[in-house]
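I have placed the structure first, in the form of structure tokens, so that the comments after it can refer back to it.
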Amino acid sequence: MALIVQKYGGTSVGSVERIQAVAQRVKRSRDQGHEVVVVVSAMSGETDRLIGLAHAIQPRPVPRELDVLIATGEQVTIALLAMALEAVGCPARSYTGSQVQIRTDSAHNKARIRDIDGARVGSDLEAGRVVVVAGFQGIDRAGNITTLGRGGSDTSAVAMAAALKADECQIYTDVDGVYTTDPRIEPRARKLDRITFEEMLEMASLGSKVLQIRAVEFAGKYRVPLRVLSSFSEGEGTLISFEEENVEDAKIAGIAFAKDEAKLTVLGVPDQPGIAHKILGPISEANVEVDMIVQNVGSDNATTDFTFTVHRNDYDTALRVLHETAEHLSAREVSGDQTIVKLSLVGVGMRSHAGIASQMFEALAREGINIRMISTSEIKISVVIDEKYLELGVRALHEAFGLAKKTIL
Ligand code: ADP
Ligand code: ASP
Ligand code: MG
């Protein structure tokens, strides 16, 4: 007998029929003798709908009230799933984040989990019940409802599994595992049986939304065995492996991309010590996170150009702040571009294989795709390219690194 935490995403609980199908799947695990804690998302589209309502009233909704509003989506699904479980003879109880005491900090809309009080869940499990917990939400010290950022139910599930010392955390979604890239962009993408924790962390942080990055971080910190599976079909899914060796014996695990990037450039700033700080200091004070940075060597030895990327949501703020800074520094010009994307190759195999970067650049060049920025780390290479080349770029790299499904002749 094992203790399993199962998380079902929005599509998996998107209708009454699907909630009933989830109940059947949970019941099956319980019939096999396992103790099951279920974490659910809101029905698909519901969180977007609620955010839309808020924006119809306030262009920038009060963060505290937005959390009160968007946490309701998950409250609907926990109750419906608990009813569906009872209806098939499986005793169940639903709890909101505050009832379970998923305690977070007070950063509304992007709160971090501090700790979870597993006591209540434990006594329900002992009494033979399935426990259904609302994902995405928690409560701060002062008793305010908080939410964990988009896709946050993944993190609720992993945190729940860590708190309960569960044997496995299973993330059920609308694909049957982690693929070499998003199968919606490259239909020939291949499911991975295993991916290393480090690779999954990079994939998530570079834009693969199959798992929220904080969920992967949490799994690493508490060594939670984590698996991604389909809620619509049977199969082993993808195991996130903590073994260091290159589990798939490939150079590249996958390709990630982030569509919501924007680029800002300031031209002709004085080439002096401290210039990066003068430009980026005010950006960080405005709470804007900077991703990639390139500072050129000025051709005249007196001035230089400086380019960086931010999340597209922060573009307007960053541009305004940069204009102010540019005026102080007597810079020549400020420009910006919101039609860029970041494309990344990820793989622990890069450590032991040379020439991956040039192979990547060659594959993009063959398609006539211009690279605007580059950044590398030990196990990833990222490039910024024009948005219109995203699909072409993903497919070209997928082909160049032989990631596609093996076809049977
Ligand atoms: P859920 O609502 O279950 O949390 P998400 O939409 O958040 O589901 O995540 C699943 C989606 O992630 C898939 O439908 C797929 O389009 C996307 N995705 C992006 N990159 C990958 C990848 N490398 N492997 C699998 N799915 C991916
Ligand atoms: N319902 C939330 C969202 O849409 C959380 C989640 O689905 O994980 O972002
Ligand atoms: Mg998700």
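Position 1 is the first residue of the sequence; numbering continues from there. Note that ligands are numbered from 1 as they come in the structure, with each ligand's atoms numbered from 1 the same way.
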Checking heavy atoms under 4.0 Å, the part of K209 that sits near ligand 1 is backbone

* Examine ligand 2 and decide if any of its atoms is less than 4.0 Å from a heavy atom belonging to G10. => no

Output for pair (T72 OG1, E46 CD), nearest 0.5 Å, gives 6.0 Å

Closest to atom 8 (O) of ligand 1 (heavy atoms only, candidates V210, L211, T173) is T173

R150 heavy atoms within 4.0 Å reach ligand 2 at atoms 3 (C), 4 (O), 9 (O)

Ring-plane angle category for Y172 and Y8, please: parallel below 30°, perpendicular beyond 60°, tilted otherwise. parallel

The closest protein heavy-atom partner of atom 13 (C) of ligand 1 is D174 OD1, 3.5 Å

So do the side chains of V13 and L81 get within less than 4.5 Å of each other, counting heavy atoms only? no

Does G177 come within less than 4.0 Å of ligand 1, judged by its heavy atoms? yes

among protein heavy atoms, the one nearest atom 14 (O) of ligand 1 is R184 NH2, 2.6 Å

Check: Should the pair R184-D174 be classified as a salt bridge under the 4.0 Å nitrogen-to-oxygen rule?
Finding: yes

Among the heavy atoms of K7, does any lie under 4.0 Å from an atom of ligand 1? yes

Is R112 paired with D105 through a side-chain N to carboxylate O contact shorter than 4.0 Å? no

To the nearest 0.5 Å, atom CD1 of I356 lies from atom CZ of F361 at 11.0 Å

D31 and K27 ion-paired at < 4.0 Å: yes

The reported gap from CZ in F257 to CG in L397 (rounded to nearest 0.5 angstrom) is 12.0 Å

Discussion item. With nothing but distance in play, are any N or O atoms of G10 less than 3.5 Å from an N or O of ligand 1?
Written reply: yes

For E74, the atoms of ligand 2 under 4.0 Å from one of its heavy atoms are 1 (N), 2 (C), 5 (C)

Checklist entry - Heavy-atom contact under 4.0 Å between G152 and ligand 2? => result yes

Worksheet item: So is S12 polar-close to ligand 1, meaning N/O to N/O under 3.5 Å?
Response: no

Counting from 1 in the order shown, the ligand 1 atoms closer than 4.0 Å to a non-hydrogen atom of V178 are 24 (N)

- Query: Can Q212 be said to touch ligand 2, with heavy atoms closer than 4.0 Å?
  - Reply: no

Salt-bridge contact E261-R372 (side-chain N to carboxylate O under 4.0 Å): no

So for T181 against ligand 1, with non-hydrogen atoms under 4.0 Å, the contacting part is backbone

Ligand 2 atoms nearer than 4.0 angstrom to some heavy atom of S41 are 6 (C), 7 (O), 8 (O)

for atom 23 (N) of ligand 1, nearest protein heavy atom and its distance come out as Y179 O, 3.0 Å

Atom 6 (O) of ligand 1 protein-contacted (non-hydrogen atom, under 4.0 angstrom): no

Note: ligand 2 atoms sitting under 4.0 Å from heavy atoms of S153 are 5 (C), 6 (C), 8 (O)

Requested in this report: Could you tell me whether K263 and D386 have a side-chain N and a carboxylate O separated by less than 4.0 Å?
Outcome: no

Between R395 and E399, is there a side-chain N and carboxylate O pair less than 4.0 Å apart? no

among protein heavy atoms, the one nearest atom 21 (C) of ligand 1 is D182 CA, 3.7 Å

### Query
Is it true that atom CD of E327 has more than 12 heavy atoms of other residues, nucleotides or ligands lying nearer than 6.0 Å?
no

